[in-house]
Every structure is written in C-alpha cells, then in structure tokens.
Amino acid sequence: MKRILSMILAIAVLMTFSLPMIGCSKAEKTVKAFRVKSAELAVYGEKITTAFGKAYINGEISREQLVDLNKATGAFTKSLGAYRDAVSAAEKIVRSGQPLPRDALSVLDRLFDTEVVAAFAAIAQKLGVLSIGQSETIQNLISGARLIILAIRALISDVRTEFESAGVAYA
Amino acid sequence: MPDINKIFSLARRIAEAIAEGRIEASAIKDMTDDQLAEFDTEAYQALLDAQKHNEELVQIDGE
C-alpha cells in the first residue's frame, strides 16, 4: 500500500513538473506559427509593394497614384513591424520557460486587427479604383495575402479558445 | 554557426517561390527556429527596401 502511494506521489510530482514543459513546447509551437505567418505576410507585402513601383515605372499609374499607394503600403509595413515586435516579445517569454500570458495574445490580436488588417484593407480599397487592380499578378498577390490574414485570424481564435477552456495563462 | 549567406539565399529563393505560387508555406514551417528568424528578418527587410524604393521614385520625379 505504502509502495503504491509512493508511486502515485512520484507520478504526480513528475506530471507537475513535466506539464509546464509540455505546455511550453505547445506555446513555443504556437508562437512559431505566428512567426511563420508574419514572414509570409512580409513576403506578399514586398511583392505587392514592388508591383506598385513597377506599375509606376511602366506608366500604368501616375505619380499621384503611387504617392497614394505608398501611404497605404507604408502604413501596412509599419503595422507589420509592430506585429513582428509583439511576436518577438511573446517568443522571449515562452523561450524563457514561462507560459504564454493572456495579455500577450490580446496585444497580438489588437495589433493585428486594428492595424495590420486595417492597413491591408486600405491597400485593397485603393486598388479597387485603379486599373492595375485588375492585373492577374496583383490579384493573385492580394488573394495570397488575404489567405494569410485569414490564417492568422484563425490562429488567434484557436489560442483564445485554449485560454478560455483552460481558464489560466496558456502554457 | 550556420552559414548566414546560405540562409539568406535560401530565404530569398523560398520567398520568390511562395509569391509565385510554386511552393506552399510548408517549406517555411520546416525551418528551424534560427532559420525562421533569419527568413522573417530578411522578408521584412525586403518589404522595407521596396517601400523605400517606391518613396524614392516619387521624390525623384517630384523634383
């Protein structure tokens, strides 16, 4: 009986110390997923921005139109930078062995929706009234970026669900 | 110490392929943490460079 109780206690102790480690691995994977999507969005952002520059050089858009598009892509670039900084901050936390805190997710969520998504929407809106918006290349790039944005939203939603079902800081 | 030039070269090739739809993002997912960090930094720097280039274009023609 005493031996069985000792074994149960040993397993309980083992699980107490191992669960945070398992949790930290899951949190690291989650933050890595955010980083992957951040990189993909930067790739598409660069291609879209470059396409605008080429369109101007080719005479497909005017200087004023490029100035207007530059404002939109500039806002997108800046917002993506802020989002990347938030992902880096989350990475530091989980790599130090701590669980991903709920407010780190809130920061990512807020930055993403109010800044990144809003800035991207502004680019798409401006393209809507330009002929280059009809080009297959630009439409493919915009579609690709939209898919990544949807994926990030789904990721945030998944993590939020984890927090809500766990009731504690995500580990 | 990983060869930084090789990582950057890999990052550029993957970025091109993804934007052209030739490969899926699984190539990025398979990267190690260090490779991913380098790739992300490289991708964002490329975005900054493209933005700067476009801003210079309108400055040149506005003079």
Side-chain angles (χ1 to χ4, degrees), chain A residues 28-29 31-57 59 61-85 87-88 91 94-95 136-137 140-141 143-145 147-148 151, chain B:
Chain A
E28 280 183 300
K29 283 180 185 172
V31 175
K32 183 174 180 178
F34 278 118
R35 177 65 75 190
V36 166
K37 291 305 169 193
S38 161
E40 291 174 14
L41 205 48
V43 168
Y44 276 92
E46 184 270 326
K47 294 298 176 189
I48 290 168
T49 303
T50 297
F52 292 166
K54 282 182 181 172
Y56 172 68
I57 289 170
I61 58 174
S62 68
R63 180 181 173 277
E64 289 67 32
Q65 286 169 334
L66 181 58
V67 168
D68 197 35
L69 286 169
N70 281 351
K71 286 179 189 168
T73 53
F76 176 79
T77 300
K78 189 177 173 186
S79 68
L80 188 58
Y83 173 76
R84 290 178 73 250
D85 289 342
V87 172
S88 296
E91 273 175 346
V94 299
R95 283 179 185 172
E136 191 176 343
T137 299
N140 286 342
L141 290 171
S143 295
L147 284 174
I148 297 166
Chain B
M1 177 76 176
D3 186 330
I4 296 297
N5 289 330
K6 277 188 183 172
I7 290 172
F8 281 6
S9 174
L10 170 66
R12 280 200 182 278
R13 290 203 306 275
I14 290 176
E16 290 283 348
I18 288 172
E20 291 165 12
R22 285 188 283 120
I23 61 172
E24 292 298 320
S26 56
I28 301 182
K29 288 178 191 171
D30 293 337
M31 287 181 180
T32 64
D33 288 352
D34 284 345
Q35 287 173 328
L36 177 58
E38 294 286 356
F39 179 81
D40 185 35
T41 300
E42 173 78 357
Y44 187 66
Q45 186 58 52
L47 173 56
L48 287 170
D49 291 344
Q51 179 66 24
K52 186 181 173 189
H53 177 253
N54 284 5
E55 287 170 359
E56 286 171 351
L57 278 177
V58 298
Q59 278 181 0
I60 290 168
D61 287 354
E63 289 171 357

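Keep in mind that what you see is a predicted model, and the values were worked out from it rather than measured. First the proteins, then the strands, lettered A, B, ... as listed; each starts at 1.
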Kindly give the heavy-atom pair with the smallest separation between [X] and [Y], and that separation in Å.
X	Y	result
Ala50(B)	Thr50(A)	CB-OG1, 3.6 Å
Asn54(B)	Leu66(A)	O-CD2, 4.0 Å
Lys32(A)	Met31(B)	NZ-O, 2.7 Å
Asp40(B)	Ser38(A)	OD1-OG, 3.4 Å

Phe39(B) versus Val43(A): any side-chain heavy-atom pair under 4.5 Å?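 Side chain of Phe39(B) against side chain of Val43(A), heavy atoms only: contact under 4.5 Å found.
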4.5 Å side-chain heavy-atom contact, Glu46(A) and Leu48(B):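 No, their side chains stay 4.5 Å or more apart.
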I'd like to know whether Arg63(A) forms a side chain to side chain contact (heavy atoms under 4.5 Å, CB included) with Leu57(B), so could you lay out the CA-CA distance, the side-chain angles of the two residues, the decisive distance to 0.1 Å, and finally the verdict. CA-CA 9 Å; Arg63(A) 180 181 173 277; Leu57(B) 278 177; over 6 Å; no
Assess the side chains of Thr49(A) and Gln51(B): does a donor N or O sit below 3.5 Å from an acceptor N or O?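 Distance-only check fails for Thr49(A) and Gln51(B).
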Let me see the working for Arg95(A) and Asp33(B) under salt bridge (Lys or Arg N to Asp or Glu O under 4.0 Å), right down to the final yes or no. CA-CA 11 Å; Arg95(A) 283 179 185 172; Asp33(B) 288 352; 3.8 Å; yes
Any donor-acceptor pair under 3.5 Å linking the side chain of Tyr44(B) with the backbone of Thr77(A)?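 Judged by distance alone, yes, a pair lies under 3.5 Å.
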With rounding to the nearest 0.5 Å, note down the distance linking OH in Tyr56(A) to NE2 in His53(B).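 Those atoms lie 11.0 Å apart.
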Side chain, backbone, both or neither of Ile148(A) within contact of chain B (heavy atoms, under 4.5 Å):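 For Ile148(A), no heavy atom lies under 4.5 Å from chain B.
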